[in-house]
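What follows is one structure encoded as structure tokens, with my remarks underneath.
Hydrogens, waters and symmetry mates are skipped; everything else that's a heavy atom, side chains included, is used.
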Amino acid sequence: MTMLARDAEPAREIAEVYPKGMVKEGYYFGVPLLVLGGVLLLVHWNAAGIALVLLALFVFSFFRDPERVIPAEAGAVVSPGDGRVVVVTEEEYAGGPGKRISIFLAVWNVHVNRAPAEGTITKMEYRPGKFLAAMRERASVENEQNVFTLSTDAGEMVFKQIAGLIARRVVSWKKQGDRVLRGERIGLVRFGSRVDVWLPKDAEILVKLGQNVKGGSSVLARWTGKAAMRSSAEAKPAETDANLTASGKRS
């Protein structure tokens with residue numbers, strides 16, 4: 001697994017999920033703990049051995065990566081991660097009016113992140129920062145994060161992987177220029193974190209504060225944007241032709 005320096009570029013890795021649904025990092029962190037715990041139990045250091053075995057089981061659970069049913073409905077924007085909605089607010093981004101949804105991922109949640117919509121990653125920016133508790137509002141701006149700008153059929157949206165007090169590593173498996181599908185795995189934040197989604201003001205927000213969501217399967221919003229405008233524009237000439245024909249002005 002290759003990692004790039006924090007102060008140069010966002011961490012990028014090749015995504016690998018093992019057959020039983022766990023990111024390969026789970027083996028790197030969990031197996032040594034499990035082996036050491038087993039050795040301590042063999043020499044009757046029971047308390048330390050049990051503690052390490054339990055820690056290994058927690059690590060395996062943290063890196064789990066279950067399959068998800070991805071919604072197919074047009075305009076659906078899905079959650080980038082598992083957790084609880086802690087912010088739903090109107091917010092400008094790059095001078096444009098819009099809405100932000102923030103989701104807090106506790107240590108017991110799945111921490112594999114997914115693309116909220118289908119599109120092309122036109123910009124990806126790593127921002128070094130603090131490690132405030134991910135529940136805090138300032139974490140969206142001040143904490144270490146990966147910021148993705150995603151160009152979709154509806155327009156541009158933004159989503160973030162944000163490090164927290166315990167999670168001190170944001171990992172992306174994608175790069176600028178990559179095409180992603182709705183619900184596709186895009187990265188990981190280790191041990192408690194936050195994900196943000198920013199949408200233009202015409203998006204219809206469907207989740208409420210305090211709601212629990214699942215990455216890749218829970219629909220956060222409905223947004224057709226440019227796609228709806230194009231469909232409407234294409235429909236008008238056809239409607240005009242039908243009206244003309246019906247009135248006898250065109251045969």
**Asked** Can you hop from V78 to I101 via hydrophobic side chains spaced under 4.5 Å?
**Response** no
What pairs of donor and acceptor atoms, side-chain ones from residues 115-122 against any protein atom, are under 3.5 angstrom apart with sequence neighbours left out?
from, atom 1, to, atom 2, distance (Å)
E118, OE2, R179, NH2, 3.4
T120, OG1, R179, NH1, 3.2
T122, OG1, T149, O, 3.4

**Prompt:** If only atom types and distance count, is the side chain of Q161 paired as donor or acceptor with the main-chain N or O of V171 below 3.5 Å?
**Reply:** yes
**Prompt:** Which pairs, with at least one residue in residues 138-163 and sequence neighbours excluded, count as a ring pair (Phe, Tyr, Trp, His ring centres under 6.0 Å)?
**Reply:** F148-F159
**Item:** Residues clustered with L181, ILVMFWY side-chain links under 4.5 angstrom
**Value:** none
Listing, residues 35-57 side-chain donor-acceptor contacts under 3.5 Å, not counting sequence neighbours, or none:
none

**Item:** Contacts of I70 that satisfy side chain to side chain contact (heavy atoms under 4.5 Å, CB included) - sequence neighbours left out
**Value:** R68, R114, R182
**Prompt:** Listed by chain and number, what are the side chain to side chain contact (heavy atoms under 4.5 Å, CB included) partners of E204, not counting sequence neighbours?
**Reply:** L206, R222
**Prompt:** In the hydrophobic clustering that connects Ile, Leu, Val, Met, Phe, Trp and Tyr at side-chain heavy-atom distances below 4.5 Å, which members other than W198 occupy its cluster, ordered by chain and number?
**Reply:** Y93, V147, V158
**Asked** Checking side-chain contact (heavy atoms from CB on, under 4.5 Å) for the pair K174/V180: CA distance, chi angles, key distance, verdict?
**Response** CA-CA 9 Å; K174 300 296 180 181; V180 294; 4.1 Å; yes
**Pairs touching residues 46-58 that satisfy salt bridge (charged side-chain N to carboxylate O under 4.0 Å, His left out), sequence neighbours left out** = none
**Asked** Which residue pairs pass the side-chain hydrogen bond (donor to acceptor under 3.5 Å, both in side chains) test with at least one member in residues 94-105, sequence neighbours excluded?
**Response** E91-R100, R100-S102, R100-E137, R100-S140, S102-R194, S102-D196
**Item:** All side chain to side chain donor-acceptor pair (under 3.5 Å) counterparts of E92, not counting sequence neighbours
**Value:** none
**Request:** Spell out, yes or no, whether L33 and F58 are grouped together once hydrophobic residues are joined by side-chain heavy atoms under 4.5 Å, including indirect joins.
**Result:** yes
